[in-house]
Each structure stands twice: as C-alpha cells, then as structure tokens.
Participant: 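Could you have a look at this structure, given as structure tokens, before my questions?
Values reported hereafter were calculated over all heavy atoms of this structure, with side chains retained and with hydrogens, waters and symmetry mates removed.
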Amino acid sequence: MEKKTKVNARIFGNDYTFVGVESEEYLNKVCFTVDKKMREIAQNPALKPLRISVLTAVNMCDDYYKTKYMLDRANAELKKVKDELAELREDVAAWEEEKKYLKEEIQSYRKNGLR
C-alpha cells in the first residue's frame, strides 16, 4: 500500500486537509495554484464565492484540456517522427546490403582481371 501524504492548506480563506499519495510539495503546489486562480477570478467584486469556485473549476478544466490536446498532438508528431526514423533505418540497412554486394562485385571483377 502506498504511503499517504497529508497536507493542510488554506484556499481562498478556508482551511482544508488533503490526503493523497503524491508528495507534500506536489499537493501544496496544487493547492497554491487553485488559491491563486480563485484570487485572480475574485478580482471581480460582483462574484460570490460559489461562482468564483465554479469559474475556477471551468478555467482549470479548460487549461487541462488545452494542455492535453497539445500533448496528444506532440505525441502524434513524435510517433510520426519515430515511424519515419524506422523507415530511414530500413533504407540504410538496404543500402548497406547493396554496398556490400557492389564491393563483392568489384572484388570479383578485380580478381578476374577486369577493371
């Protein structure tokens, strides 16, 4: 069983206790990021805490999906590059075989007195 980490954090003026398998540093970073985002959104004085919480969740979910989309695109591009590299390696192997064959042909011609 994984070791549990317990963190006490203040987010938007409220105290919370979080338990997870991540490091204390990671959990504190997550809490700090949520608090920071809530405070940014709370700059509009007309917003009540519940609306601030919902807008924070929506903004962070939006960030998540945009980041996931970019990561998926990067992984697809990486796969494409890896596939191209594999094809190039096959080409190099074929050229090495052809080079070996041509060297043998040249040696054969030289051996038989043909130049």
Participant: As an exercise, state the distance from OH of Y101 to CD of E98, rounded to the nearest 0.5 Å.
Facilitator: 9.5 Å
Participant: Can you find a pair of side-chain heavy atoms, one from V21 and one from K4, that are under 4.5 Å apart?
Facilitator: yes
Participant: Going by heavy atoms in the side chains, are V30 and E22 under 4.5 Å from each other?
Facilitator: no
Participant: Could you tell me the separation between the CG atom of N8 and the CZ atom of F18, rounded to the nearest 0.5 Å?
Facilitator: 9.5 Å
Participant: Return yes if some donor-acceptor pair links the side-chain N/O of D62 with the main-chain N/O of V58 below 3.5 Å, else return no.
Facilitator: no
Participant: So, the side chain of T5 versus the backbone of S23: is there a donor-acceptor pair under 3.5 Å, distance only?
Facilitator: no
Participant: Measure the spacing between CG of L102 and NZ of K100 and express it to the nearest 0.5 Å.
Facilitator: 12.5 Å
Participant: Are the side chain of D15 and the backbone N or O of R10 linked by a donor-acceptor pair below 3.5 Å?
Facilitator: no
Participant: What are the two closest non-hydrogen atoms of G20 and L27, and how far apart are they?
Facilitator: N-CD1, 4.1 Å
Participant: Heavy-atom count around E105 CD within 6.0 Å, excluding the residue itself: above 12?
Facilitator: yes
Participant: What distance separates R110 CZ from N112 CG, expressed to the nearest 0.5 Å?
Facilitator: 12.5 Å
Participant: To the nearest 0.5 Å, what is the distance between CD1 (I41) and OG1 (T56)?
Facilitator: 3.5 Å
Participant: Identify the two heavy atoms, one from M38 and one from S53, that lie closest to each other, and give their separation to 0.1 Å.
Facilitator: CE-OG, 3.5 Å
Participant: What distance separates K6 NZ from T17 OG1, expressed to the nearest 0.5 Å?
Facilitator: 5.5 Å
Participant: Over all heavy atoms of both residues, which pair between V7 and E24 is shortest? Give the atoms and the distance, please.
Facilitator: CG2-CG, 3.7 Å
Participant: I'd like to check E84 versus K80 (side-chain heavy atoms, cut-off strictly below 4.5 Å). Are they in contact?
Facilitator: yes
Participant: More than 12 heavy atoms of other residues, nucleotides or ligands under 6.0 Å from CZ of R39: yes or no?
Facilitator: yes
Participant: In the structure I gave you, are the side-chain heavy atoms of K111 and Q107 within less than 4.5 Å of one another anywhere?
Facilitator: no
Participant: Sub-3.5 Å donor-acceptor pair from the side chain of T33 to the main-chain atoms of K29, do we have one?
Facilitator: yes
Participant: For D63 and K37: C-alpha separation, side-chain torsions, deciding distance, then whether side-chain contact (heavy atoms from CB on, under 4.5 Å) applies.
Facilitator: CA-CA 11 Å; D63 290 345; K37 182 61 92 174; 4.0 Å; yes
Participant: Linking I/L/V/M/F/W/Y whenever any side-chain heavy atoms sit under 4.5 Å apart, do M60 and I52 land together?
Facilitator: yes
